[in-house]
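Each remark here refers to the structure printed beneath this line.
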Protein chains: 2
Amino acid sequence: MAAMKKSDEPAAERPAKAFSSEVATGSRKENASKQESGAPFRSHRNGTGPRAADRIRASAAELFYREGIRAVGVDEVVDRAGVTKPSLYRSFASKDDLAAAYMRDYEANFWENFEKPGGKSYADPREHVLAYIKVLSARAVATGYRGCGLTNATVEYPARDNPARQVAEAHKKLFRKRLRELAALMGARHPAMLGDALLLLIEGIYVTGQQSEEGPAQSALTVARLLIDAGVAKP
Amino acid sequence: MAAMKKSDEPAAERPAKAFSSEVATGSRKENASKQESGAPFRSHRNGTGPRAADRIRASAAELFYREGIRAVGVDEVVDRAGVTKPSLYRSFASKDDLAAAYMRDYEANFWENFEKPGGKSYADPREHVLAYIKVLSARAVATGYRGCGLTNATVEYPARDNPARQVAEAHKKLFRKRLRELAALMGARHPAMLGDALLLLIEGIYVTGQQSEEGPAQSALTVARLLIDAGVAKP
DNA sequence: TGACAATGTTACTGACCGGTACGTATACAC
DNA sequence: GTGTATACGTACCGGTCAGTAACATTGTCA
């Protein structure tokens, strides 16, 4: 029932380029053709190419992110992964369990993106946060942006006991804490409030970014600067 | 195919107390019991109680808002409405069409709530926006809050051609325009930017409000004041 | 009273969905 | 080589879903 295999491969936060899966030896390229028939995945585990479970994770990551979890059936996931349904249910107890694994992978990837926005580390917390928001808001106004997978999951699954939602909820709690921490490091007069302000702004970017291109995310960086400057200024 | 009956009864924005439907003569009370069997709705249109289509709208509004559109089947909608499936399909071409109607109803209700927050009109645009955010953020930290139905629909339906999404997208465009307008009336130096800042904040409230109670929405009113004051101040 | 509009009743369809029973191929141990 | 564990596929199941067909029933209004 509660199998819960451990995550070792982060899911995609950016829409395209989802497949990665550097777990197994091989490094087969997998361009996003709806149903690759050329170069069929050699079955029965012969050393080249990722295992079924990893292919499923990658397939689920891409499909769940782009179309939503509820909208995607397990058949579509396994088809895209080039495996069969029993392979899915050997590694995951249920679709809900797969969705939870997707959430964990997504979260791991999120923290990479957040802690090193644009691939760079930042010593200054202010520059750190602004860099993240800059990268984020650029992505958010691009075509096909679908927001934060974790946020979207809380919208798709309002029930508290849903496994995917639980991962997402826990993450959001952590994220809030981290932002407050960074606000404190900035020297904010009210770190909790500045952290919350930044969180509201960031979640606003996530969600408006998928409502339309040319959305309000354009203004986000300026707003973030304003919030931070107002929050750390001497009274 | 594209029937699209006109809306005349707004959907609920607050979670509880969804049924209203003042269209027909009667005003039967409808407390939210999962499957009211007492006082069965007198069928065949006898003058008391709302028509089938209205009951369906009300039922859909409550269920779609609380559980999400995809999560609710048409059977559940008609069961709760106390009508039968053919009645649904006599008034709505498809579930998608019903969802679009739900969106239109929701939007009508939204504008009422937005233009008269707490039931009051405001001459001062600053007080107007702040009043809305005050009412909103209070609701957003309450148990069972589910955010904005229109926003949620854009998350549930990423495909641009989905009828419900189209209503939601159009609404968000209008809402952005309205906020920029109010920002201009406040005397903002950059009305477009202040409007966007407020939009990002409000959408942030919607979405974080359903992630947890005690969320960052607590700080929203203070943040809004800060944004407005910074945006209208003399340079 | 009779036509009509609105609704209910029953039963059905075909597609899809999550999930599984069971057989099969490969790799490795000995 | 044979045994065994592992990784995978084939084929299927029962349930649910959106949507429909055909007909019965009731109230309204002319």
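In this text, all values refer to a predicted model and were calculated from it rather than measured experimentally. So that the names make sense, note that chain A is the first sequence line, chain B the second, and so on, each numbered from 1.
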task = Evaluate the criterion side chain to side chain contact (heavy atoms under 4.5 Å, CB included) for residue pair F92(B) and R57(B); output intermediate values, then yes/no.
result = CA-CA 10 Å; F92(B) 305 93; R57(B) 286 183 115 99; 3.9 Å; yes
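Nearest nucleotide to the side chain of Y89(B), out of dC22(C), dG19(C), dG19(D): dG19(D). Among the nucleotides dT9(C), dG19(D), dG18(C), the one closest to any side-chain atom of R90(B) is dT9(C). Taking every side-chain heavy atom of S87(A) into account, dG9(D) is the closest of dC17(C), dG9(D), dT20(C). Side chain of K85(A), nearest nucleotide from dT10(D), dG18(C), dA18(D): dG18(C).
Tested against H171(A) for a side-chain hydrogen bond (donor to acceptor under 3.5 Å, both in side chains), the candidates E107(A), R104(A), R176(A) yield a single pass: E107(A).
For Y206(A) (side chain) and G204(B) (main-chain N/O), no donor-acceptor pair under 3.5 Å exists by modelled atom type. Distance alone, capped at 3.5 Å, places no donor-acceptor pair between the R180(A) side chain and the G195(A) backbone.
Put simply, CZ on R70(B) is 11 Å from P on dA18(D), counting in whole angstrom units. In this structure, CZ of R51(A) is placed 12 Å from C1' of dA27(C), rounded to the nearest angstrom. Put simply, CG on D79(B) is 14 Å from C1' on dT9(C), counting in whole angstrom units. For F64(B) and dA18(D), the CZ to C1' distance is 12 Å, given to the nearest whole Å. In this structure, D54(B) places its CG atom 14 Å from C1' of dT7(C), rounding to the nearest Å. One can place CG of D96(A) at 10 Å from C1' of dG18(C), the figure rounded to the nearest angstrom. Taking atom CD1 of residue I56(B) and atom C1' of nucleotide dA18(D), one finds them 14 Å apart after rounding to whole Å. Here dA18(D) presents its P atom at 14 Å from CG of N162(B), a figure rounded to the nearest Å.
Separation of the F114(A) and F175(A) ring centroids falls under the 6.0 Å cut-off.
Looking at heavy-atom distances under 4.0 Å, V78(B) makes no contact with the nucleic acid at all.
Mapping D75(A) and P86(A) onto DNA chain C by nearest heavy atom places D75(A) at the nucleotide closer to the 5' end.
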